[in-house]
Structure formats: structure tokens, C-alpha cells
Amino acid sequence: ILNVEQSPQSLHVQEGDSTNFTCSFPSSNFYALHWYRWETAKSPEALFVMTLNGDEKKKGRISATLNTKEGYSYLYIKGSQPEDSATYLCALRIVPDSNYQLIWGAGTKLIIKP
Amino acid sequence: SQTIHQWPATLVQPVGSPLSLECTVEGTSNPNLYWYRQAAGRGLQLLFYSVGIGQISSEVPQNLSASRPQDRQFILSSKKLLLSDSGFYLCAWSHLTGLMNTEAFFGQGTRLTVV
């Protein structure tokens with residue numbers, strides 16, 4: 001059974017501080033790694049899709065890196081703001097013939113303290 | 001632009017009662033459709049997916065079933081709810097392709113409490 005682990009489970013960060021958290025996954029059968037942000041009372045929204053070892057993606061103050069050989073991805077938030085409070089989910093897409101299959105982590109719940 | 005509608009937003013049902021959650025997608029055709037559940041403290045669990053009308057695949061054996069009567073309509077059902085069916089249910093769609101960058105677009109979710 002493939003397992004995607006996210007740590008920490010929750011995180012309290014002071015407004016203005018930078019933070020990061022981890023998504024770990026089995027490196028065999030890797031096809032793509034997705035990051036989503038899920039704000040309370042809203043739908044999960046895609047942040048990044050990462051496919052290549054060493055990939056680095058950036059959207060505003062949020063960035064992500066990918067290491068497919070060791071099976072992890074980091075999500076970084078620079079200068080946290082209250083609107084960054086959300087649960088951040090990562091999902092592993094395995095080999096392409098399972099195009100429906102996203103294996104999800106449990107998420108990291110980020111709370112920004114003003 | 002594409003939109004996805006899911007209802008109801010919240011639902012409280014007694015044990016043994018039936019369930020019907022509906023999801024519709026607008027602005028696209030032939031989407032892949034998915035039902036996910038998030039149990040407390042856990043990630044999203046894929047329950048069902050569909051690549052076309054009448055085509056349903058189940059990922060997890062359970063008390064639930066799904067149907068796709070129309071191209072952009074996906075329904076999650078149960079004949080008799082169990083307490084363990086409580087959770088947050090999300091409908092999602094993606095383009096019908098195996099492209100690596102295919103993201104999923106989610107509905108607003110249904111909070112189901114079985115009492």
C-alpha cells in the first residue's frame with residue numbers, strides 16, 4: 001500500500017515568520033507530486049504540480065522543491081500572512097496508466113498568529 | 001469557465017437512512033469525476049471515480065455506491081447509512097487525460113453526520 005506522509009500535522013507560526021513543511025512519498029512509480037491549499041469552508045485549490053527531480057516551483061511567497069530520488073517535497077512560505085492559514089495537502093500521482101489515482105497525505109494545518 | 005456544484009453543504013442523517021449527494025460540472029465535457037471522503041485527521045480517500053457515463057470504479061469496498069447518469073453528473077448514494085459513514089465528502093473533476101499536470105478541481109464539500 002502506497003503511503004504519503006506529511007509533517008508536521010499542524011503548525012502555528014507568527015505573522016511575518018517564514019515556515020516550511022514536508023511531504024514524504026515512496027519514490028518508486030513516481031509520476032508527479034501535487035500540492036493543494038485547502039482553506040476552511042472552501043474547496044481545495046491546486047498550488048503546484050511537480051514532476052522532475054530537483055524541480056522548484058514558486059507562486060508569490062510560496063515555493064516548493066522536489067526530490068524524487070529520496071522521496072520528499074518541501075513547501076516553503078516566506079513572510080507568513082493571516083491569509084496563508086489553511087491545510088496544505090500533497091498528493092502523489094503514480095504511473096500514468098492510473099490517471100485517476102492521486103494518493104493523498106493527511107495534510108499540514110497551518111495557523112498564522114497575528 | 002468550468003464550475004463544479006456539490007450539494008447539500010451539510011447533512012445530518014439517522015443510522016439506517018438512505019443517502020444521496022449530487023455533484024454537477026459545467027463548462028467542460030467528458031470529465032473524469034471523483035468522490036473523495038476525508039475522515040477526521042486523515043487525508044483524502046478516493047471512493048469512486050468515473051471516466052464516462054455509466055462507468056464507475058470503486059476504490060474502497062464500503063456501504064456506498066456511485067452513479068453517473070449524465071456526462072456531468074455524479075451521484076453518491078447509500079441505501080442504509082452507518083455511523084462510520086460520517087465525514088466530509090468532496091466531489092472533484094479533472095480532464096480526461098493522463099497528462100502529468102492534470103489537476104483536480106473540487107466542489108465545496110458535504111459535511112455528513114450520521115446520528
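Since the structure is predicted, the reported quantities are computational estimates derived from the model, not experimental observations.
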Student: Using non-hydrogen atoms and a 4.5 Å limit, figure out which bit of B:Ala104 sits close to chain A: side chain, backbone, both or neither.
Tutor: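 Contact with chain A: backbone and side chain both.
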
Student: Ignoring hydrogens, what is the shortest heavy-atom contact between A:Cys90 and A:Val4? Give both atom names and the distance.
Tutor: SG-CG1, 3.5 Å

Student: Need one label for A:Ala41: side chain, backbone, both or neither, based on atoms under 4.5 Å from any heavy atom in chain B.
Tutor: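 For A:Ala41, the contact with chain B is made by the backbone alone.
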
Student: How close do B:Ile53 and B:Pro69 get, counting heavy atoms only, and between which atoms?
Tutor: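 For B:Ile53 versus B:Pro69, the nearest heavy atoms are CG2-O, 3.9 Å.
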
Student: Which heavy-atom pair separates A:Ser73 from A:Leu66 by the least distance, and what is that distance?
Tutor: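 For A:Ser73 and A:Leu66, the tightest heavy-atom pair comes out as CB-CD1, 4.1 Å.
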
Student: Between B:Gln6 (side chain) and B:Cys91 (backbone), is there a donor-acceptor pair under 3.5 Å?
Tutor: yes

Student: Counting only non-hydrogen atoms closer than 4.5 Å, does A:Tyr36 touch chain B with its backbone (N, CA, C, O), its side chain (CB onward), both, or neither?
Tutor: side chain

Student: What part of B:Phe48 gets within 4.5 angstrom of chain A, counting heavy atoms only: side chain, backbone, both, or neither?
Tutor: neither

Student: Among A:Ala91, A:Gly105, A:Gly107, who wins on heavy-atom pairs under 4.5 Å with chain B?
Tutor: A:Gly105

Student: Is it true that B:Phe106 and A:Trp104 have ring centroids separated by less than 6.0 Å?
Tutor: yes

Student: For B:Leu90, is it the side chain, the backbone, both or neither that has a heavy atom under 4.5 Å from a heavy atom of chain A?
Tutor: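 Only the side chain of B:Leu90 comes within 4.5 Å of chain A.
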
